[in-house]
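In what follows, a single structure is set out as structure tokens and then discussed.
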There are 2 protein chains.
Amino acid sequence: MSKITLKDLAKMLKMSISTVSKGLNDSYEISEATKKKIRQLAEKHNYQPNLFAKNLKIGKTNTIGIIIPFMANPVQSQILEGAHKAALENNYHIVFMQSRDNNIIEKSCIEFLINQNVDGIMISPASQESNVEYIKHVHENITPIILFDRVEYPLETHKVGVNSFVGTYNATKHLLEIGRKRIAVLCGKNLGVTSERLNGYLKALEDNSISIDQDLIIYCDYNKTKEQMDYELKKELMKLMKQENAPDAILGTTDTLTTRVLGILSETKYSVPEDLAVIGFANTELAQSLNPSLSTIKQPAFDIGYIATNKLIRLSNEKDRSDFPYESILLETTIQLRNSTKI
Amino acid sequence: MSKITLKDLAKMLKMSISTVSKGLNDSYEISEATKKKIRQLAEKHNYQPNLFAKNLKIGKTNTIGIIIPFMANPVQSQILEGAHKAALENNYHIVFMQSRDNNIIEKSCIEFLINQNVDGIMISPASQESNVEYIKHVHENITPIILFDRVEYPLETHKVGVNSFVGTYNATKHLLEIGRKRIAVLCGKNLGVTSERLNGYLKALEDNSISIDQDLIIYCDYNKTKEQMDYELKKELMKLMKQENAPDAILGTTDTLTTRVLGILSETKYSVPEDLAVIGFANTELAQSLNPSLSTIKQPAFDIGYIATNKLIRLSNEKDRSDFPYESILLETTIQLRNSTKI
DNA sequence: TTGTATGCGTTATCAT
DNA sequence: ATGATAACGCATACAA
């Protein structure tokens, strides 16, 4: 029941190994008649080339590395699902690593992947300035790197993410349309996605002639523990709510922040959406199980993974990278309005 | 910047390739002095053996296959995280596949993994009777298979899952303690985990002298679409609620069912926990963001993945599998009581 | 204790 | 159009 090899096929066909190899690789040197015979026998025995031998010979691994912050996270696992599909279709393997939003772990992930001889790396950076020099060095000298998800990062390469600006712009616009005027916005400190998402919010206010109040912009530090983050966010929020000019809506710029703030609010006397309308980035199916159901900005996470992986695989096969200029692909988000922003 | 090979090291050390190889593999044939020299140089140049050459030679791939129903699912992705850690620690790779709860896809996943020459396969079966004969055949003749998560499946092998019985027993007991007597239970049709989880529920009722009402046992068909499933579950539930003897609590035996029923209830006039207390299997952090926060039976998903992977790796390295009898490891669940079951 | 030679399953170069 | 042979990097049986 052991694997069939070229040698086996050659013996059965009474041909040489190299003829069989060339036949299966559709070489112009082999006659159609022979190719047909070879293919038929290979098919019959379900011949599968030994990837280890092949890769050893070719010097490629047909493997790409993917570095994500956390895999047990709805967006990330959906991205991974898309990446998985693309890899499968191209006969590639994936080695995935988790940076846990930590620069040092991130670097060791990259080093590990390089040692694994991957043909390329996809990374969603731990932060806007994590390992910039090192990543640049790897990209230029060792193996191609492309960015996904968190694409606001100083590296010239392919980037696949979402149009953050439009997502928060539309969400903010919606809040204004239902009559909310004091919109608090939750941002990730040092997170690459923050600036564009904040810009969308600011532009929407500006376009609707609402003055901007810096107090309504709340930054949360992802480097702290969940408990610490929740505690600080709650404090900040409660301070605002007690002011004369209390907010009447909340916009979450990341999945994490959007879902956590709901838990925080449920512990307080403020109700959603009566006191505070809530909308934000969130990719969880659970949004509709929440009470009230949560209005969300949904990212095409699967597509991000799928497209990015295809890009990387193609890039890793280019002889000369300068032939193909780098692209930034920003997919559009979709807004799902539910009860948390009901008028 | 290309990789350093044994040949390079040998040249620098003025030794033969085989001496260096043996030295690095700590062979008894090599003197300590030489070993030391070899190791130092290898360390200095960060030598990493080429896995493709090594595997080609050894005939092992150092790769295991993992088949899960869906990866973008909290429990599954947490299991995968544990598996990932174990694999990393043992210098193994993971190729993961998704069966999408479908027997046919499941079979093709197995075939794919066999073609990849994996050293073993971990599987969470699509259903209780999916591909039984084929899986048995693979396990006995091709590559070892172990079961995780959904371990109620007719195959003699290592199994790593949770103690389903105790989980639902305790949850049911809790519902009784807070005074609920008419507990509806949501089950997955044809799902391996169902029987034990249902048994836990039944035993708890029995121990508390509550008579069993078959009408309160609701089966949901995982082969239908989400919309269809939701529709049918809602209908069933509403029918019960209109009866004289309406249920006053719901127990969900899977993550999917527990979270979905919340969404369904929020569309009705019935409130949680006043009309219906809700508790069930669920591994999502979001449980506390829900309103009311959801009481859950939590599975040690990370541990399941970690332990199962270690088991499989060890099993794949046994010369004679019969030396080591198969084990069934059932980890305990934990119950987190929150507002959805408040008295 | 160290070195030489062989082969794992491919692909590719060079005959024939 | 087909076949013999070398090489990829490694481990190992055997020779020295």
Side-chain angles (χ1 to χ4, degrees), chain A residues 1-39 41-42 45-63 91 93 114-119 317 319, chain B residues 1-39 41-42 45-63 91 93 114-119 317 319:
Chain A
M1 201 56 208
S2 181
K3 287 273 125 48
I4 276 242
T5 70
L6 277 186
K7 199 201 260 177
D8 301 326
L9 292 179
K11 199 184 288 171
M12 298 164 97
L13 288 162
K14 295 188 203 310
M15 298 195 274
S16 76
I17 294 180
S18 48
T19 304
V20 179
S21 170
K22 285 173 187 165
L24 288 170
N25 288 317
D26 203 23
S27 161
Y28 66 95
E29 303 176 277
I30 305 295
S31 72
E32 273 310 319
T34 338
K35 276 185 195 170
K36 198 167 170 182
K37 271 192 246 167
I38 295 173
R39 284 197 199 114
L41 193 74
H45 290 274
N46 187 26
Y47 166 76
Q48 297 288 133
N50 180 316
L51 289 180
F52 293 87
K54 188 170 181 173
N55 293 333
L56 174 60
K57 182 65 193 170
I58 306 287
K60 275 192 46 185
T61 58
N62 266 39
T63 300
N91 232 309
H93 284 249
I114 292 173
N115 278 338
Q116 296 293 315
N117 257 305
V118 293
D119 292 339
N317 286 321
K319 317 275 171 239
Chain B
M1 201 57 208
S2 181
K3 290 270 124 52
I4 275 240
T5 69
L6 275 188
K7 199 202 263 177
D8 301 327
L9 291 179
K11 199 184 289 171
M12 298 163 98
L13 288 162
K14 295 189 205 309
M15 298 195 273
S16 78
I17 295 179
S18 58
T19 305
V20 180
S21 170
K22 287 173 186 166
L24 289 170
N25 288 319
D26 202 24
S27 162
Y28 66 96
E29 303 177 273
I30 305 296
S31 71
E32 274 310 319
T34 356
K35 276 184 194 169
K36 197 167 170 181
K37 270 192 246 167
I38 294 173
R39 284 196 200 115
L41 193 74
H45 291 275
N46 186 27
Y47 166 76
Q48 298 287 134
N50 180 316
L51 288 181
F52 293 87
K54 189 170 182 171
N55 292 334
L56 176 60
K57 181 68 195 167
I58 304 288
K60 276 193 44 185
T61 59
N62 267 41
T63 300
N91 232 309
H93 285 249
I114 292 173
N115 278 338
Q116 296 294 315
N117 256 306
V118 294
D119 292 340
N317 286 321
K319 318 274 172 240

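By convention in this document, chain letters (A, B, ...) are assigned in the order of the sequence lines, proteins followed by strands, and residues within each chain are numbered from 1.
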**Q.** Length of the line joining A:Leu24:CG and C:dT10:P, which is rounded to integer Å
**A.** 9 Å
Q.
If you define the side chain from C-beta out and look only at heavy atoms, does anything of B:Leu51 sit under 4.5 Å from A:Phe52?
A. no
Q.
In this structure, how many angstroms lie between the P atom of C:dG3 and the NZ atom of B:Lys11, rounded?
A. 16 Å
Q. At under 4.0 Å between heavy atoms, what does B:Thr34 touch on the DNA or RNA strands: base, sugar-phosphate, or nothing?
A. sugar-phosphate
(Q) Donor-acceptor check, side chain of A:Asn50 to backbone of B:Leu56, threshold 3.5 angstrom: yes or no? (A) no
Q) Starting at CD1 of A:Ile30 and ending at P of C:dT11, how long is that distance when rounded to a whole Å? A) 13 Å
Q. When you measure from the side chain of A:Met15, which nucleotide among D:dT2, D:dG3, C:dT1 comes out closest?
A. D:dG3
Q: For A:Lys35, look at atom NZ and say whether over 12 heavy atoms of other residues, nucleotides or ligands are found less than 6.0 Å away.
A: yes
Q.
If I take atom CG in residue B:Leu9 and atom C1' in nucleotide D:dG9, what distance separates them, rounded to the nearest angstrom?
A. 12 Å
Q) Rounded to the Å, how far apart are A:Lys14 NZ and D:dA1 P? A) 23 Å
(Q) Each nucleotide in nucleotides 10-16 of chain D should get exactly one letter: B, S or -. Can you fill that in based on protein heavy atoms under 4.0 Å? (A) BBBBB--
Q) So how far off straight is the helix from C:dT1-D:dA16 to C:dT16-D:dA1, going by the axes through five pairs at either end, to 10°? A) 50°
Q | Note, A:Ile17 side chain near A:Thr5 side chain (heavy atom, < 4.5 Å) | A | no
(Q) List the residues meeting salt bridge (charged side-chain N to carboxylate O under 4.0 Å, His left out) with A:Lys22, not counting sequence neighbours, and say none if there are none. (A) A:Glu29
**Q.** Close side-chain approach of A:Thr63 to A:Asn117, heavy-atom, < 4.5 Å
**A.** no
**Q.** Nearest-Å distance for atom pair CG/P, residues B:Leu56 and C:dT10
**A.** 9 Å
Q: For A:Asp119 and A:Thr61, test the side chains for any donor-to-acceptor distance below 3.5 angstrom and give the result as yes or no.
A: yes
Q) Is there side-chain contact between A:His93 and B:His93, with heavy atoms separated by less than 4.5 Å? A) no
